[in-house]
Number of protein chains: 2
Amino acid sequence: MGALTKIRKADTLAKAPVVKAPKAKAPLDLPLGKILSGDCIEAMRSLPDNSVDLVFADPPYNLQLGGDLNRPDGSQVDAVTDEWDRFDSFATYDKFTREWLVEAKRVLKPDGALWVIGSYHNIYRVGAILQDIGFWILNDIVWRKSNPMPNFRGTRFTNAHETLLWASTGEKARYHFNYTAMKTLNDELQMRSDWVLPICNGGERLKKDGHKVHPTQKPEALLYRVLLATTEKGDVVLDPFFGTGTTGAVAKRLGRNWIGCEREDGYRGAALERIESALPLDESALKTMQSRKSAPRVAFGSLVEAGFIAPGTQLFDKKRRFSATVRADGSLESGTEKGSIHGVGKNLQGAPSCNGWTYWHLEHEGDIKPLDALRQTYLLAIED
Amino acid sequence: MGALTKIRKADTLAKAPVVKAPKAKAPLDLPLGKILSGDCIEAMRSLPDNSVDLVFADPPYNLQLGGDLNRPDGSQVDAVTDEWDRFDSFATYDKFTREWLVEAKRVLKPDGALWVIGSYHNIYRVGAILQDIGFWILNDIVWRKSNPMPNFRGTRFTNAHETLLWASTGEKARYHFNYTAMKTLNDELQMRSDWVLPICNGGERLKKDGHKVHPTQKPEALLYRVLLATTEKGDVVLDPFFGTGTTGAVAKRLGRNWIGCEREDGYRGAALERIESALPLDESALKTMQSRKSAPRVAFGSLVEAGFIAPGTQLFDKKRRFSATVRADGSLESGTEKGSIHGVGKNLQGAPSCNGWTYWHLEHEGDIKPLDALRQTYLLAIED
DNA sequence: CGTTTCTCTGAATCACCTG
DNA sequence: CCAGGTGATTCAGAGAAAC
């Protein structure tokens, strides 16, 4: 049993392109498109377990949280200068960080992911704590600012970047990465871990009476890349430090659902107004390049069966070191080797694996083209 | 009020560039130009308090690799599987890190400084622990690799950078920063926190019998910049993870004293031989450090992301024979053609190649202008 | 001898489905 | 949970080899 059974089965799959099981709908009681007021930890506690696809967080790193940042015993932290108190202050920041990260992990679906942005003041605390909690870092991303503020006193290097951490919910957890969309966005080269983007200014920067509404408004381009890379249309994105709603505005543009948490009335108002006027992209503009992974699988046997390639055809590798003959059931034969296009390629080379679609070629009017080209033709033919 | 209020205060407190009092001579009993064998923590304990000007550390990264990894062509990646990079758990790694950092702090002079290099696997542990111990982070520096290893499976962003931390011995501690030397090195612009440097290969890479001597040899240019920025001629530089002696070789070139710790006999031997043949600074070495400014490459997707062109926008060729729609990831769609601005242009024309920047145009107030004009605008906008 | 093509490799937490 | 099968996936630079 073997090849034929499997090929036939795959063939069926190919003809009825695999449609991903529709995502479990977000629970109806999720406050989609809403900004929860009050403390973000309390607000997140009102959300159900396993309910959001992505958390994007831009937490404070200067502890400008007013009375909320107290010592565990309730006393207020003073600005102090001795060592003991500095440790105490880090401990307070760590406690706050641990609490919101624990809530983030709880509300995330198992195959969801977390993004956090920070600077050297806080990102090392955040990174260590999220690892302690069980998040698994997938990449750290450097946002390289094309127009940073110079170091006016000439005392250090110009602080020209911020750091983002991207983490799955655990070492073995699955996660979503739109590899092909990122590669397309970067002119057909893999997207790297360093992103060059301007800071948020000009027309994008929210102003009121000539003053910026929020001190650390992030550029929409940053969120655009984050959401395009790691969410799908219709996903739910939670931002626990919503500020003036960059995450919400970009989520709306990209057809993602969003939930925000923000304690400052002024920011909430500005954010709602801003998101109201953001325009969603239309359906066709939202389409992105799909990786072949998500395209329907095609069995090589289907091509034989459909007459796209005749039994008896000779296949070669690119350098014509090996050749093989196509058999009626879609298997290959080369000397004593028999099996799938992948297995025969693998064994002939003595390689650990082989993608037969790109390894094997056939002669066509003088030049040789890979089987993969034939597969594309076949896919077009069976489409619709 | 809180801890990081203080951090901000420290930022504004930034010391005026230190003009140094003549240095106390290094104690005569310091093992200058020597590599101490054995465990680095034990070795450091043999050094006196307050005796070195700079610690540069390249500790194990605790990579925690899974199985083998093959390139798409079937070849196997030569991974870092050495025993010295294996730790049972984060707790074990943290304990080790804390111990060597405590020793580093003890041997450093009060106005000395620490550099540590790492990747996302370990740097968040290291950063949090050194803050806990009382080190004060001055900058985090991103080494952007011009030629990183790609992500062969298309599962994440290309891991294209490593991170260095630069820290003084405490919040109030003085430190040395050669601001002008850095500015000169960077074409009269302030040196930024992101450094673009190639990885160590070619003639610089130490090899024996055709194999690399050390799996993670750092480029000399990196150490060159570190030592030039934060030490003076005659300073004592300690490297607790000496490896094949990049720190020693560059220190010698720059007229700095060095001390190393290394437990592997093979690395010690290679390092001594290498440093022996290192020549003190000549002018040509300096020239290789000059940042080569070249026009930055721009991906079409960046323009979409930055809002310079909206998804859904229609593009035309000059004679309006073809049109295409911009999609969210920076790809184009025209009938059944999908792909990059170059690829779609090429296929529609049936041409062997196509420069999408000059081929595609967009309508703007009646007349049409090429994408290339938009690219120029974008380049101006992101310019420093 | 110059130019083009090929080969090799680098701190990497690198798949997923079915039975 | 494990085993086995299928099949998706790479960029820059150096140096060697071929033309």
Side-chain angles (χ1 to χ4, degrees), chain A residues 2-3 5-7 9-10 13 18 131 136-140 167-168 170-172 174-175 177 179-180 183 186 188-193 291-295 297-300 318-319 339-343 345-346 351-360 371-372 375, chain B residues 58-82 84-87 90 117-123 143 145-163 198-205 207 210-212 214-219 243:
Chain A
T5 309
K6 259 178 267 129
I7 285 171
K9 189 181 290 173
L13 282 179
V18 181
Q131 286 181 315
W136 191 250
I137 298 179
L138 298 167
N139 277 119
D140 58 349
S168 66
E171 179 177 359
K172 306 286 181 194
R174 302 171 62 132
Y175 58 90
F177 180 53
Y179 174 75
T180 314
K183 193 170 173 179
N186 194 36
E188 302 306 325
L189 285 179
Q190 284 190 340
M191 187 69 82
R192 300 167 37 118
S193 58
S291 74
R292 209 179 287 145
K293 268 183 204 164
S294 54
R297 280 165 68 133
V298 175
F300 179 64
K318 206 169 182 180
K319 293 171 200 156
S340 71
I341 54 173
H342 316 295
K346 185 182 83 155
S353 70
C354 168
N355 181 347
W357 292 110
T358 51
Y359 182 72
W360 292 112
L371 285 185
D372 207 35
R375 175 165 62 165
Chain B
D58 181 10
Y61 286 8
N62 190 21
L63 286 186
Q64 308 171 67
L65 301 178
D68 290 342
L69 178 65
N70 294 295
R71 299 186 180 79
D73 66 5
S75 65
Q76 191 172 327
V77 174
D78 182 12
V80 181
T81 52
D82 306 67
W84 50 254
D85 195 42
R86 283 202 281 272
F87 295 83
F90 279 137
I117 182 168
S119 66
Y120 67 85
H121 310 86
N122 71 322
I123 201 68
W143 167 27
K145 301 179 185 180
S146 53
N147 49 351
M149 192 186 301
N151 181 296
F152 296 116
R153 304 296 288 266
T155 55
R156 303 181 182 188
F157 298 97
T158 304
N159 197 4
H161 73 277
E162 295 189 21
T163 302
I199 59 176
C200 179
N201 57 12
E204 189 187 326
R205 186 85 195 210
K207 301 242 170 108
H211 295 97
K212 53 191 177 191
H214 194 286
T216 69
Q217 186 182 338
K218 295 294 176 288

- Query: Does B:Pro150 or B:Asn147 map to a spot on DNA chain C nearer the 5' end, using the closest nucleotide for each?
  - Reply: B:Asn147

- Message: I want to confirm an ordering. Mapping B:Phe152 and A:Arg192 to their closest nucleotides on DNA chain D, which one lands closer to the 5' end?
- Response: B:Phe152

- Query: Does A:His342 place a side-chain N or O at less than 4.0 Å from the phosphate oxygens OP1/OP2 of D:dT6?
  - Reply: no

- Item | Shortest non-hydrogen contact between B:Asn122 and B:Tyr61, atoms and distance | CB-O, 3.3 Å

- Task: Answer with yes or no after comparing the ring centroid distance for B:Trp84 and B:His214 against a 6.0 Å cut-off, counting only values under it.
- Result: yes

- Task: Respond yes when some side-chain nitrogen or oxygen of A:Tyr179 is under 4.0 Å from OP1 or OP2 of D:dT10, and no when none is.
- Result: yes

- Note on the structure: Its glycosidic angle compared against 90° from 0, C:dT13 adopts the form syn

- Message: Please classify the nucleic acid contact of B:Gly118 as base, sugar-phosphate, or nothing, using heavy-atom distances under 4.0 Å.
- Response: nothing

- Distance check: side-chain N/O of B:Lys212 vs OP1/OP2 of C:dG10, anything under 4.0 Å? yes

- Message: Taking any heavy-atom pair under 4.0 Å as a contact, classify B:Pro59: base, sugar-phosphate, or nothing.
- Response: base

- With a 4.0 Å cut-off on heavy atoms, is B:Glu162 in touch with a base, just the backbone sugar-phosphate, or nothing at all? base

- Task: Taking only the side-chain nitrogens and oxygens of B:Arg153, find out if one of them lies under 4.0 Å from OP1 or OP2 of C:dA15.
- Result: yes

- Rounded to whole angstrom units, what separation is found between the CZ atom of A:Arg174 and the P atom of C:dC14? 15 Å

- Query: Using the C1' atom in both, what is the distance from C:dC1 to D:dA16, to the nearest Å?
  - Reply: 16 Å

- Message: Given 3.5 Å as the limit, does a donor-acceptor pair link the side chain of A:Gln190 with the main chain of B:Pro150, or not?
- Response: no

- A:Asn355 has a side chain; which of C:dA11, C:dT9, D:dT9 sits nearest to it? D:dT9

- Query: With nearest nucleotides of DNA chain D determined for A:Ser340 and A:Lys183 from heavy-atom distances, which residue corresponds to the more 5′ nucleotide?
  - Reply: A:Ser340

- Query: Do the side-chain N or O atoms of A:Arg375 get closer than 4.0 angstrom to the phosphate oxygens (OP1, OP2) of D:dA8?
  - Reply: yes

- Would you mind classifying the nucleic acid contact of A:Asn139 as base, sugar-phosphate or nothing, using non-hydrogen atoms under 4.0 angstrom? nothing

- So, does the side chain of B:Lys145 form a donor-acceptor pair with the base of C:dA11 at under 3.5 Å? no

- Query: So, is B:Asn151 near the phosphate of C:dA12, with a side-chain N or O under 4.0 Å from OP1 or OP2?
  - Reply: no

- Compare every heavy atom of B:Pro148 with every heavy atom of B:Asn159, then report the nearest pair and how far apart it is. O-CB, 3.9 Å

- Message: Please classify the nucleic acid contact of B:Asp85 as base, sugar-phosphate, or nothing, using heavy-atom distances under 4.0 Å.
- Response: base

- Task: Report which part of the nucleic acid B:Ser119 touches: base, sugar-phosphate, or nothing (heavy-atom distance under 4.0 Å, all strands).
- Result: nothing

- Query: Of all heavy-atom pairs between B:Glu162 and B:Lys145, which one has the smallest distance, and what is that distance?
  - Reply: OE2-NZ, 2.8 Å

- Nearest to the side chain of B:Arg205, which nucleotide is it out of C:dA11, C:dT13, D:dA14? C:dA11

- Query: Atom CH2 of A:Trp357 to atom C1' of D:dT6: distance rounded to whole Å?
  - Reply: 11 Å

- Examine the base of C:dG10 for any acceptor or donor lying under 3.5 Å from a partner atom in the side chain of B:Arg71, and report the outcome as yes or no. yes

- Message: When the P atoms of D:dG7 and C:dG19 are compared, how many Å lie between them, rounded to an integer?
- Response: 14 Å

- Message: Using a 4.0 Å heavy-atom cut-off, does B:Ser146 contact any base of the nucleic acid, only the sugar-phosphate backbone, or nothing at all?
- Response: sugar-phosphate

- Message: Please tell me if B:Arg86 has a side-chain N or O lying less than 4.0 Å from either OP1 or OP2 of C:dT13.
- Response: no

- Mind checking the C1' distance from C:dT13 to D:dG13? Whole angstroms is fine. 26 Å

- Answer yes or no: side-chain N or O of B:Arg156 and base N or O of C:dT13 forming a donor-acceptor pair under 3.5 Å. yes

- Roughly how many Å is it from CD1 in B:Ile199 to C1' in C:dA11, rounded to a whole number? 10 Å

- Query: Are B:Pro60 and B:Phe87 close enough that some pair of their side-chain heavy atoms sits under 4.5 Å apart?
  - Reply: yes

- Let me know the distance between CG of B:Asp73 and P of C:dC8, rounded to the nearest Å. 8 Å

- Considering only heavy side-chain atoms of B:Asp58, the closest of C:dG10, D:dT9, C:dA11 is C:dA11

- Task: Look at all strands and tell whether A:Ile137 reaches a base, only sugar-phosphate, or nothing, counting heavy atoms closer than 4.0 Å.
- Result: base

- Item | Any-strand Watson-Crick or G-U partner of C:dT13, both distances under 3.5 Å | none

- Any stacking of A:Trp136 on C:dT13, going by centres under 5.5 angstrom and planes within less than 30 degrees? yes

- Note on the structure: When both distances are under 3.5 Å in a Watson-Crick or G-U wobble arrangement, the nucleotide paired with D:dT9 is none

- Message: Under a 3.5 Å cut-off for both contacts, is D:dA17 paired Watson-Crick or G-U wobble with anything, and if yes, with which nucleotide?
- Response: C:dT4

- Closest heavy-atom contact between B:Ala79 and B:Leu65? CB-CD1, 3.7 Å

- Message: Rounding to an integer number of Å, can you tell me how far B:Glu204 CD sits from C:dT9 P?
- Response: 19 Å

- Per atom distances to the A:Leu189 side chain, the nearest of D:dA14, C:dA11, D:dA12 is D:dA12

- Smallest heavy-atom separation, B:Trp143 atom then B:Ile117 atom, equals CE3-CD1, 4.0 Å

- Provide, to the nearest angstrom, the distance between the CZ atom belonging to A:Phe300 and the P atom belonging to D:dG5. 19 Å

- Item | Distance, P atom - from D:dG15 to C:dA11, rounded to whole angstrom | 16 Å

- Task: Of all the heavy-atom pairs spanning A:Gln131 and B:Tyr120, show the shortest one and how long it is.
- Result: NE2-O, 3.9 Å

- Between C1' of D:dT6 and CD1 of A:Ile341, the distance in whole Å: 10 Å

- Message: What is the distance, to the nearest angstrom, from the CG atom on B:Asn70 to the C1' atom on D:dA8?
- Response: 13 Å

- Query: Expressed as a whole number of Å, how far does the C1' atom of C:dC6 sit from that of D:dT10?
  - Reply: 16 Å

